[in-house]
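Step one of this worksheet: look at the structure below.
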Amino acid sequence: MTTHSRILNIHIPANYKWAQSGVTIAGSHGQGDATNQLWGPYGLFVDDDQTVIIADFWNHRIIQWKNRDTTHGQVVAGGKGQGNGLHQLNCPTDVLIDKETDSLIICDQGNQRVVRWSRRSGTTQGELLIDNIQCYGLAIDEQRYLYVSDEGKHEVRRYQLGEKNGTLVAGGNGKGDGLNQLNGPTGLFVDRQLNVYVSDSSNHRVMKWTRGATEGIVVAGGQGQGYALPQLYHSEGLFVDTLGTLYVADTYNHRVMRWTQGDKKQSTVVVGGNDSGAGANQFSNPVGLSFDRHGNLYIADTNNNRVQRFSIE
C-alpha cells in the first residue's frame, strides 16, 4: 500500500508498555504563533521518518516538526492569518499525508472544507477538495479513498479524491445514540479490511462500522460519560493495530486508553489518567493520537500546547 502502510501494518504486542512520562517533541514554549510554539494542537500525523505534522488549531496553520529537531517547526500550510482564502486556513482539526501526490489533506474546519496542499517547496496555497462540510476527522485507505467525519450531519462519508458528494459509511440517521446513529463524530481510523472506526464523542463511545453495514458496533465506551475503565468522556483520536486493539484519546479524562476486542471488551490506561496538568505524566485535553513505525506513541496535548512522545519501555 502506498498511502500510509506503516500505520496500517503496525503490530503492537499485547504486553507492550510505554514510559509513563512523555518527552515534548513540539511546542511547550507557551501558547503562541512562533515556530517553536503551538496553540491548541488537534490532529497529528507521523510520517515514515518520524516527522510529525500537526493541525495547529488556533494558529490556523499546519506545522511540521522534523525528527530530532524539537526546537522549531516549519509552517507547511496556512499561517497567513485566519481566513477563507486558498492561502489561508481557519481552525484546522486534522491532517494526513497522501503519499501518491506527496501532499497534505487538511480538514479546514472553520471554513467547512477539506483542502489539499502540495508538500513541494514553494507551495503558497491549497486546492479545494470538498466544501460545505462540518468536517472534523480524516482517514485514508489503501485505495486512496478519503473518509471524513461530519459533525453537523453526524455522519462519515467516503470520497474518491476529486468527487464532491461521497458515499455514506457511518451514521447519517440524525443525531442520536442508536446503533445506526452518531452524535458529534470526531476522530477516524480505517483498517485494512475497510472497517471504519469512529469516535462518537458526544455519545462517549467508539463505533466500528464494517463495510456496507447499516449500523455500527460499540467497541469502546457506550456506558455513559464517566471515568471508570469501561467509560469514556468525549473520545477523539483513534488508532487500531493489526490485532484489532483500539487506542483512543479519552479527552476529558486526560488519558489514553487501550481496548482489547474479544468476548470481554477490556480497557486499560496506557498513559495519563493523573488528572489534568502539565506534568510529563499528565495531559490537559489530549486530542490527536498516532504511532510511528517503531511503536512510539504521539499525543497532541491540546491545552498544554505541546506534542508528547511516549517511548516503548
Side-chain angles (χ1 to χ4, degrees), residues 2-4 7 33 35 38-47 51-65 73-141 143-153 155-169 185-190 196 236-237 287-288 290 300 302:
T2 54
T3 45
H4 56 184
I7 281 199
D33 62 1
T35 56
L38 298 169
W39 188 6
Y42 268 57
L44 52 77
F45 188 94
V46 184
D47 201 2
T51 296
V52 182
I53 298 158
I54 303 160
D56 194 7
F57 186 84
W58 293 112
N59 281 326
H60 315 293
R61 67 187 182 184
I62 306 298
I63 188 165
Q64 72 176 19
W65 294 65
Q74 173 193 4
V75 178
V76 290
K80 303 291 186 189
Q82 179 180 11
N84 61 8
L86 280 175
H87 65 298
Q88 294 174 302
L89 298 171
N90 181 359
C91 297
T93 52
D94 207 0
V95 59
L96 53 79
I97 294 176
D98 175 23
K99 297 278 191 200
E100 199 81 14
T101 57
D102 193 26
S103 58
L104 302 172
I105 298 176
I106 302 163
C107 171
D108 188 13
Q109 188 197 51
N111 285 322
Q112 297 195 6
R113 66 189 183 186
V114 178
V115 292
R116 176 163 58 194
W117 283 62
S118 169
R119 297 182 77 198
R120 288 189 286 277
S121 63
T123 301
T124 57
Q125 66 176 45
E127 61 172 312
L128 181 66
L129 289 180
I130 306 164
D131 59 2
N132 299 315
I133 182 169
Q134 289 185 42
C135 59
Y136 194 104
L138 301 171
I140 196 166
D141 71 17
Q143 284 81 41
R144 290 180 67 234
Y145 281 90
L146 180 67
Y147 298 73
V148 187
S149 60
D150 185 331
E151 281 195 300
K153 293 181 178 173
E155 67 183 24
V156 179
R157 286 187 172 266
R158 180 181 69 232
Y159 298 82
Q160 196 161 7
L161 285 172
E163 72 168 330
K164 300 292 185 194
N165 295 321
T167 303
L168 183 72
V169 294
T186 56
L188 291 180
F189 191 92
V190 179
V196 179
E236 294 256 1
V287 171
S290 191
T302 303

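Hydrogens, waters and symmetry mates play no part in the numbers below; they use all other heavy atoms, side chains included.
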Notebook entry, point to check: Are R157 and D150 within salt-bridge range, i.e. N to O under 4.0 Å?
Noted result: no
Notebook entry, point to check: Can a salt bridge be assigned to the pair D98 and R119 using a cut-off of 4.0 Å between side-chain N and carboxylate O?
Noted result: no
Checklist line | Counterpart residues, side-chain hydrogen bond (donor to acceptor under 3.5 Å, both in side chains), relative to S118 (two or more places apart) | finding: none
Check: Are the side chain of R61 and the backbone N or O of V75 linked by a donor-acceptor pair below 3.5 Å?
Finding: no
Next item on the list: Enumerate the residue pairs fulfilling side chain to side chain donor-acceptor pair (under 3.5 Å) with a member in residues 106-116, sequence neighbours excluded, ordered by first and then second residue.
Entry: D108-N111, D108-R113, Q109-E151, R116-E127
Item checked: Heavy-atom closest contact (S149 atom, P185 atom, distance) -> OG-O, 3.6 Å
Item checked: For the student: nearest non-hydrogen atoms of A55 and T93, plus distance -> CB-C, 3.8 Å
Margin query: I'd like to know if the side chain of E163 pairs up with that of Y145 as donor and acceptor (distance under 3.5 Å, no hydrogens or angles considered).
Written below: no
Notebook entry, point to check: Does the side chain of I97 reach to within under 4.5 Å of the side chain of L104, using non-hydrogen atoms?
Noted result: yes
Checklist line | Student check: side-chain heavy atoms of W39 and D56 closer than 4.5 Å | finding: yes
Notebook entry, point to check: Any donor-acceptor pair under 3.5 Å linking the side chain of T51 with the backbone of W65?
Noted result: no
Notebook entry, point to check: Between L129 and K164, what is the shortest heavy-atom contact and its length?
Noted result: O-NZ, 2.9 Å
Check: Would a 4.5 Å heavy-atom cut-off, applied to side chains only, mark L89 and W117 as touching?
Finding: yes
Notebook entry, point to check: Is there a donor-acceptor pair under 3.5 Å between the side chain of D94 and the backbone N or O of C107?
Noted result: no
Checklist line | Residue pair V169 / Y147: nearest heavy atoms and the distance that separates them | finding: CG2-CD2, 4.1 Å
Residues 79-87, side-chain donor-acceptor partners within the protein, below 3.5 Å, at least two apart:
from	atom 1	to	atom 2	distance (Å)
Q82	NE2	N90	OD1	2.9

